[in-house]
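Contents: one structure, followed by commentary.
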Amino acid sequence: MGIRAIRGFKDILPPETRSWQELEELARACFETFGFSEIRTPILEKTEVFNRGIGEHTDIVEKEMYTFTDRNGDSLTLRPEATAGIIRAYIENKLYNRSSVQKLYTIGPMFRHERPQKGRLRQFHQINAELLGSDDPLSDAEVIWVAWEILQEIGLKGGLRLEVNSLGCPKCRPGHRKDLSVFLENNAQDLCEDCKRRMKTNPLRVFDCKKEECRRALLLAPVIKHYWCPECSEHLGRVLDYLEFLEIPFVINPHLVRGLDYYQRTTFEIKATGLGAQDTVAAGGRYDGLVELLGGPKIPGVGMAIGVERALLLMESEVEEEATDCYFAVLDRDAMEYVLKWMKELRQNGLICETSYGKKSLKAQLRAADRVRARFSVIVGESELDEEEAILRDMETHEQWQVPFDEVAQELLKKTLEEEEVEAKKAVQEEERE
RNA sequence: GUGGGCGUAGCUCAGUUGGUUAGAGCGUCGGGUUGUGGCCCCGGAGGUCGAGGGUUCAAGUCCCUCCGCUCACCCCA
């Protein structure tokens, strides 16, 4: 094999790109209804943005970033997630001065140097939302809501499971962490090797362990829930009330932990069946200390990310390329000037028009028309040129008739519009039946 | 970073105990009388059998090394 894309990086080809467009358009439409505006930030940032934002001791920063030195000696990093960069832009552009609350979304690629597997790539894409400037539980609920809504819209009605938890705040979290560390050290002999390591690096993560031995050992471990301060309890309670009111089903997972340091209070994951080991389609949480940590004012925030590839794996619907409205079969070079004129007018009116390149037999051209699923074909050869009448062929009924040159574009436009109206009516009727 | 599975045409795969010019289906291009598509029939193009080395008279087939893909661990969207 010759030159190849690098490991974990994928070409996204037609017709699959159709599914991407569909998902992105749906997400954008959904965000607009929630009052989010699009922000686009660079995919490359100073490494510092992520080191400080995500946390020095996270796996992402320690071993997964694409980091390199720029020609002038700066350390740069391909963004492994969107939030840190958006917060940097938020601070740099003083967006908090425009209005107290900013609701931003972005869609784009992220980069993490991990071993690829099902639902995990080195370049992957996220649909991201950040709500900055409010610590109202309603803002948590709205971020979960918009994630839920997008996933519903793309047709993942079943098989989704929303898990929610609170990680506490800087007031109540340290107490839990300390007690947990002590507990783990006292029970280290019952833990697997991985957990013994986690115990030191990120004690909370032992709760994620799937091994039976560890689960048993952790039955009596201190749970964050019992350490929540009154404010954190109240906050989560109100978020859950909103979710209930919105009829978004959830389960509380007291062991739900996130891999990024900046999260506090509300965290959530939306998991799906059918994704293999990487079963989280969307996740997010509250990060009240982050803006300040990156050098901005003390402003709270909450956000979420949907994994595009993972959502697409769940969509599974195969989207076809759009069918062509009209294919122009040209048998004589002199006919091309007429054809170009018709195609220009039709394309300007939104019709999909194609013609063949190079000299081809009529048979070959009609075959090509068939392959692009042309609804109509127009045939122009020597005799048509003489009579100044083209042949318009209905590819479904096989009917064909002659149309004067100066009526070809209009005739096609009329025919296509009629069809569209019929289709639209059918669609409406079908929807009514459902 | 660690383990398991897999690498033969664009795709899905066959290839007998090692034995002639490596095959099929689909796709693609063309033909089936002058200028009429899908179905059918016929034909063409397309492969360093993942790469390198070894064993052998002979390797797609056996052995070794490497590379890639994939799933899982880890971690996460």
Side-chain angles (χ1 to χ4, degrees), chain A residues 1-8 10 13 54 58-64 79-83 107-129 147 151 192-195 197-198 201-202 205 208-211 256-260 268-272 275-285 303-314 324 327 329-332 335 356 358-385 391-400:
Chain A
M1 189 75 58
I3 195 160
R4 303 177 52 114
I6 39 192
R7 163 180 283 201
K10 284 271 182 307
L13 309 171
I54 298 168
T58 56
D59 273 39
I60 292 178
V61 170
E62 276 180 356
K63 50 190 200 201
E64 292 173 3
R79 66 181 181 193
E81 57 98 51
T83 305
I107 301 176
M110 309 295 156
F111 305 84
R112 263 129 85 165
H113 193 112
E114 300 181 272
R115 195 82 174 247
Q117 70 182 74
K118 189 181 171 80
R120 191 171 77 185
L121 293 166
R122 290 185 173 178
Q123 176 178 334
F124 61 102
H125 299 75
Q126 286 187 341
I127 294 168
N128 231 268
L151 295 176
C192 70
E193 287 308 308
D194 279 336
C195 283
R197 183 179 48 76
R198 289 192 187 102
T201 54
N202 190 346
R205 291 224 78 99
D208 272 352
C209 191
K210 288 154 194 156
K211 294 198 184 71
L256 182 68
V257 172
R258 316 268 33 253
L260 290 72
F268 72 95
E269 279 190 26
I270 299 174
K271 294 181 180 175
L275 278 181
Q278 312 300 318
D279 60 355
T280 302
V281 238
M304 69 87 184
I306 295 173
V308 172
E309 284 84 352
R310 290 182 188 179
L312 255 13
L313 278 175
L314 294 168
T324 297
Y327 190 96
V330 180
L331 297 166
D332 188 303
S356 78
K359 193 173 163 61
K360 291 227 175 75
S361 68
L362 180 57
K363 183 194 190 77
Q365 295 193 59
L366 284 176
R367 209 184 341 240
D370 201 62
R371 212 186 32 250
V372 296
R373 292 176 297 136
R375 183 65 191 79
F376 297 98
S377 286
V378 168
I379 301 164
V380 198
E382 213 176 330
S383 57
E384 285 72 27
L385 277 174
I391 295 173
L392 207 165
R393 180 174 173 85
D394 184 318
M395 297 296 278
E396 260 170 43
T397 64
H398 296 196
E399 286 174 286
Q400 60 183 40

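Chain letters run A, B, ... following the sequence lines, proteins first and then strands; every chain starts at 1. The model shown is predicted, which means the values in this text are computed figures rather than measured ones.
With a 3.5 Å limit on both pairing distances and Watson-Crick or G-U wobble geometry required, the stems of 3 or more pairs in RNA chain B span B:1-7 with B:67-73, B:10-13 with B:23-26, B:28-32 with B:40-44, B:50-54 with B:62-66.
With sequence neighbours excluded, the residues forming a side-chain contact (heavy atoms from CB on, under 4.5 Å) with A/L256 are A/E163, A/N165, A/N253, A/T267, A/E269, listed by chain and number. Contacts of A/A277 classified as side-chain contact (heavy atoms from CB on, under 4.5 Å), with partners at least two apart in sequence or in another chain: A/Q117. In terms of the side-chain hydrogen bond (donor to acceptor under 3.5 Å, both in side chains) criterion, A/S383 has no residue partners (sequence neighbours excluded). Residues satisfying the side-chain contact (heavy atoms from CB on, under 4.5 Å) criterion with A/E114, sequence neighbours excluded, are A/E64, A/R112, A/R120. Evaluation of the side-chain hydrogen bond (donor to acceptor under 3.5 Å, both in side chains) rule for A/K118 yields no partner, not counting sequence neighbours. Residues satisfying the side-chain hydrogen bond (donor to acceptor under 3.5 Å, both in side chains) criterion with A/R7, sequence neighbours excluded, are absent altogether. Taking A/A369 as the reference, A/Y327, A/A374, A/S377, A/M395 meet the side-chain contact (heavy atoms from CB on, under 4.5 Å) condition, with sequence neighbours excluded. Under the side-chain hydrogen bond (donor to acceptor under 3.5 Å, both in side chains) criterion, A/R375 pairs with A/D394, A/E419, sequence neighbours left out.
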*Determine, for nucleotides 40-47 of chain B in 5'-to-3' order, which nucleotides have protein heavy atoms under 4.0 Å from the base (write B), from only the sugar-phosphate (write S), or from neither (write -).*
--------

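Nucleotides B/A51 and B/C76 have their P atoms positioned 39 Å apart, rounded to a whole Å.
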Polar atom pairs between nucleotides 1-5 of chain B and protein, under 3.5 Å, N or O only, would you list them?
from, atom 1, to, atom 2, distance (Å)
B/U2, O4, A/R115, NH1, 2.7

Please list, for nucleotides 25-31 of chain B, all pairs of protein and nucleotide N/O atoms separated by less than 3.5 Å.
from, atom 1, to, atom 2, distance (Å)
B/C29, OP1, A/R371, NH1, 2.9
B/C29, OP1, A/R371, NH2, 3.3
B/C29, OP2, A/R371, NH1, 3.1

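Side chain A/E64 to base B/C74: no donor-acceptor pair is found below 3.5 Å. In this model, a side-chain donor or acceptor of A/Q400 finds a partner on the base of B/U36 within 3.5 Å.
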